[in-house]
Amino acid sequence: MTQADKKRRSTHRSKMIQSPMIKVQKIMQKEMVREFLAELMSTYVMMVFGLGAVAHMVLGDNFGSYLGVNLGFGFGVTMGVHMAGKISGAHMNAAVTFTSCALGRMSWKKFPVYVLGQFVGSFLAAATIYCLFYAIIEHTGGHLTVTGPIATANIFATYLPDYMPLWRGFLDEVIVTGMLQLCLFAITDNGNHPALQGTQALVIGILVVIIGVSLGMNSGYAINPSRDLPPRFFTFLAGWGTQVFRAKGWWWVPVVAPPLGAYLGGVIYLVFIGSIVPPEPQRPDNSKANEDHRIPVLPKTMRHQTDISSLTSVSVSPPSRSLNRSVPPLSDSIQIQQF
């Protein structure tokens, strides 16, 4: 075999090896794929820190605390925003994604992409925490118990306390998620008094902590379908059984109430605050990157020329209490789109 033949064969083998990698790179560079992976990773990071804090409180004798759960979820949200804020806005919350689409800030075609990424990331986070704490879960008296003083299912999902009727839990989730969305709009509204540039992720994390320590007792403030449903489904598969869906008929409330509350909170901000903010001179914007994250077209009575970036929600839930949060995407000037 001549030297030229060897060279041709070597080049051919090299091309065969590189070809699949090039195809993978092209797929990864597609906008929808990047946003899916961004939501997956940011939600995973947020949930690993949050659920880990809950596991410490439930399983560790005097090792964890309710405050620790709030801090774990709050700063988990902050890390999630840093992880994916510039790519997808790091919503990490299906209720925030729903509100972004319903208010015209994002195309509905992206809704299933974002939510699927969030659900996969949350499910994987639950699996990770289960693997990390498997030994102590196996040795605890509650083992795979869903309710009661020695339950362990509440490490992963929220459960309504005995003193709370279902309708009050539903109302609690609506109001608390509405507060989350309301504050997210304020934090990212450049036409009002937003958080200082570069501090939005931290401020949003602090917002989640505040919600947890002040409003988290009644229903666990799941305030995020992506935080509650995938881990609950994981516990069903991992051995806790169908009781995770039967306990007080609660499982559907963290799925339905947060989107409703987030939408109402967003509308209230736009009507009571956004519509009275003095308009600023319109400036041309050639940036295409943030087109999907700009303020939606609203009725004339509600229009103003302030850029309010989309919001993000995150959920945080302590044992038998959930901590959820919405984290909004930062404004255009911050280059973080929607959380």
Side-chain angles (χ1 to χ4, degrees), residues 31-32 34-36 38-40 42-43 46 77 80-81 84-119 121-122 174 177-191 194 200-201 204 207-208 223-227 255-271 273-274 287-299 302-304 306-315 324-339:
E31 182 182 12
M32 289 285 198
R34 294 178 70 243
E35 290 173 341
F36 168 81
E39 285 298 307
L40 188 158
S42 59
T43 306
M46 181 265 292
V77 170
V81 173
K86 192 173 181 180
I87 300 171
S88 68
H91 287 192
M92 299 176 278
N93 188 330
V96 169
T97 304
F98 171 82
T99 302
S100 297
C101 294
L103 293 179
R105 301 167 189 276
M106 191 174 76
S107 171
W108 279 105
K109 70 180 180 180
K110 292 189 176 184
F111 180 78
V113 176
Y114 274 59
V115 173
L116 180 61
Q118 294 161 13
F119 275 35
S122 186
V174 170
T177 310
M179 291 293 294
L180 169 67
Q181 189 73 63
L182 188 71
C183 293
L184 285 174
F185 268 115
I187 291 171
T188 58
D189 185 356
N190 279 339
Q200 293 85 351
I204 291 169
L207 169 62
V208 173
I223 59 176
N224 185 351
S226 304
R227 170 269 175 276
V255 177
V256 176
L260 175 61
Y263 179 77
L264 292 176
V267 170
I268 288 172
Y269 183 89
L270 292 177
V271 172
I273 301 297
S287 173
K288 241 179 160 183
N290 295 321
E291 279 182 357
D292 289 334
H293 308 294
R294 291 191 177 285
I295 188 169
V297 178
L298 300 172
M302 294 170 62
R303 286 186 193 163
H304 64 285
T306 307
D307 284 339
I308 303 177
S309 347
S310 29
L311 310 172
T312 323
S313 358
V314 179
S315 59
N324 284 359
R325 328 108 195 228
S326 290
V327 182
L330 305 180
S331 57
D332 293 338
S333 63
I334 303 165
Q335 293 184 336
I336 294 185
Q337 302 160 344
Q338 338 170 26
F339 306 175

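The structure presented is a predicted model; accordingly, all values stated were derived computationally and were not measured. The first residue in the sequence is number 1, and the count goes up from there.
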Given side chains that start at C-beta, do those of [X] and [Y] come closer than 4.5 Å, heavy atoms only?
X	Y	value
P258	N224	no
M92	V77	yes
F98	W108	yes

I'd like to check the side-chain contact (heavy atoms from CB on, under 4.5 Å) partners of A38; sequence neighbours left out, ordered by chain and number.
A84, I87, S88
To the nearest 0.5 Å, what is the distance between CZ (F185) and CG (L180)?
11.0 Å
What distance separates L207 CG from M179 CE, expressed to the nearest 0.5 Å?
8.5 Å
Heavy atoms of A95 and P225 approach each other most closely as N-CD, 3.8 Å
Heavy atoms of P259 and T99 approach each other most closely as O-OG1, 4.3 Å
Are the side chain of T177 and the backbone N or O of V174 linked by a donor-acceptor pair below 3.5 Å?
no
Kindly say whether M106 contributes a backbone atom to a donor-acceptor pair with the side chain of S100 at under 3.5 angstrom?
no
Can you tell me if Q118 and T97 form a side-chain donor-acceptor pair at under 3.5 Å?
yes
Counting only heavy atoms not in Y263, do more than 12 fall under 6.0 Å of its OH?
no
List for me each residue that meets ring-ring contact (aromatic ring centres under 6.0 Å, His included) alongside F36, sequence neighbours excluded, and say none if there are none.
none
